[in-house]
Amino acid sequence: MRLPALTVAIIMVTGVLLLMLVEFWISRRNERVLLELGAIEPPDPVYKAMRIVYPGTFVVMAIEGALTSSFDNRIVIAGVIVTVAGKLLKAWAIRSLGDRWTYRVFVLPGAALVTGGPYRWMRHPNYVGVIGELVGFALLVGARLTGPLAVLVFGELLRRRMRAEEQALGLSRN
């Protein structure tokens with residue numbers, strides 16, 4: 001049985017947005033913990049944009065997929081695999097950071113840099129996972145135009161965010 005493109009898009013975007021709400025709840029809880037421990041919030045030039053653009057990219061891709069897509073099962077399966085892999089990497093990064101993971105940038109003075117989990121091999125695994133989510137979702141819903149655009153736009157926001165994080169942590173020379 002083939003599901004209509006609109007149904008697939010609605011199911012998928014609803015699932016992604018529900019997971020974002022769970023992440024938001026975790027982030028808010030961790031923000032409270034960090035602030036109680038004396039964390040500071042350095043300037044973040046992109047957080048306000050990210051909190052709109054991140055969910056918005058999935059909604060826009062779902063709309064394109066619902067309006068234009070004819071699904072190829074192989075591409076849908078690839079999309080599921082890439083989306084799940086991105087989510088798993090992101091979940092591993094969140095778990096590795098523990099109470100220090102938030103949507104916003106916080107620095108806990110005197111705390112050691114996290115170097116376990118996926119941070120052992122890469123500097124920003126959470127953001128690699130996010131790009132995986134975007135690419136996988138674009139494949140999954142057939143967002144041929146908005147998918148690549150979402151990756152480019154959000155990728156630029158992530159690049160700026162990484163620079164802000166590294167400056168806040170004293171890891172950047174700029």
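Owing to the predicted nature of the structure, the values given are computational and were not obtained by experimental measurement.
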Name of the residue among V80, V135, V16 meeting side-chain contact (heavy atoms from CB on, under 4.5 Å) with L140: V80
Can you see which heavy atom on A164 is nearest to which on P45, and at what distance? CB-CD, 3.7 Å
Residue pair V53 / F154: nearest heavy atoms and the distance that separates them: CG1-CD1, 3.7 Å
For residues T83 and M12, determine if any side-chain heavy atom of one lies less than 4.5 Å from a side-chain heavy atom of the other. no
Are any non-hydrogen side-chain atoms of L134 and M61 less than 4.5 angstrom apart? yes
Is Y127 close to K90 at the side-chain level, that is, under 4.5 Å between some pair of heavy atoms? no
Let me see the working for T57 and V153 under side-chain contact (heavy atoms from CB on, under 4.5 Å), right down to the final yes or no. CA-CA 9 Å; T57 58; V153 169; 5.8 Å; no
How close do V107 and P42 get, counting heavy atoms only, and between which atoms? CG2-CG, 4.1 Å
Below 30° counts as parallel, above 60° as perpendicular, anything between as tilted: where do the rings of W92 and W121 land? tilted
Taking V114 as the starting point, is it possible to reach V105 by hopping between hydrophobic residues whose side chains are less than 4.5 Å apart? no
CG/L149 to CZ/R144 distance, rounded to the nearest 0.5 angstrom? 16.0 Å
Is there a side-chain contact between F106 and N30 in this structure, where contact means two heavy atoms from C-beta onward sitting under 4.5 Å apart? no
To the nearest 0.5 angstrom, please state how far the NZ atom of K48 sits from the CG atom of L157. 14.5 Å
Audit row: M20, E133, side-chain contact (heavy atoms from CB on, under 4.5 Å) steps and yes/no: CA-CA 12 Å; M20 279 184 208; E133 291 172 344; 5.9 Å; no
Crowded around R159 CZ? As in, over 12 foreign heavy atoms under 6.0 Å? yes
Rounded to the nearest 0.5 Å, how far apart are CZ of R29 and CG of L34? 10.5 Å
Step by step, work out the side-chain contact (heavy atoms from CB on, under 4.5 Å) result for V13 and I63. CA-CA 9 Å; V13 79; I63 291 169; over 6 Å; no
Looking at T146, is its backbone amide N or carbonyl O close enough to the side chain of E64 to form a donor-acceptor pair, meaning the two atoms are under 3.5 Å apart? yes
Stepwise, does the side-chain contact (heavy atoms from CB on, under 4.5 Å) test hold for L139 with V76? CA-CA 6 Å; L139 291 170; V76 169; over 6 Å; no
On a heavy-atom basis, which atom in P118 and which in L89 lie closest, and how many Å separate them? CB-CD1, 3.9 Å
Measure from the ring center of W101 to the ring center of Y103 and say whether it is less than 6.0 Å. yes
Would you call Y119 and L97 a side-chain contact if the rule is heavy atoms closer than 4.5 Å? yes
Just wondering, do K87 and L19 contact through their side chains at under 4.5 Å, heavy atoms? yes
Would you tell me whether S27 and E31 have side-chain atoms, one donor and one acceptor, within less than 3.5 Å of each other? yes
Minimum heavy-atom distance A93-N126, with the two atoms named: CB-N, 3.8 Å
Should F24 and I26 be counted in the same cluster of Ile, Leu, Val, Met, Phe, Trp and Tyr side chains packed under 4.5 Å apart? yes
With the threshold set at 4.0 Å, does a side-chain nitrogen-carboxylate oxygen contact exist between E165 and R161? yes
Are the side chains of R104 and R28 in touch, meaning some heavy atoms are under 4.5 Å apart? yes
Between CZ of R100 and CG of L37, what distance do you get to the nearest 0.5 Å? 10.0 Å
Measuring only between side-chain heavy atoms, which start at C-beta, is V141 closer than 4.5 Å to F58? no
Any idea which heavy atoms bring A39 and P109 closest together, and the distance? CA-CD, 4.1 Å
How many angstroms lie between OG1 in T102 and OH in Y47, if you round to the nearest 0.5 Å? 8.0 Å
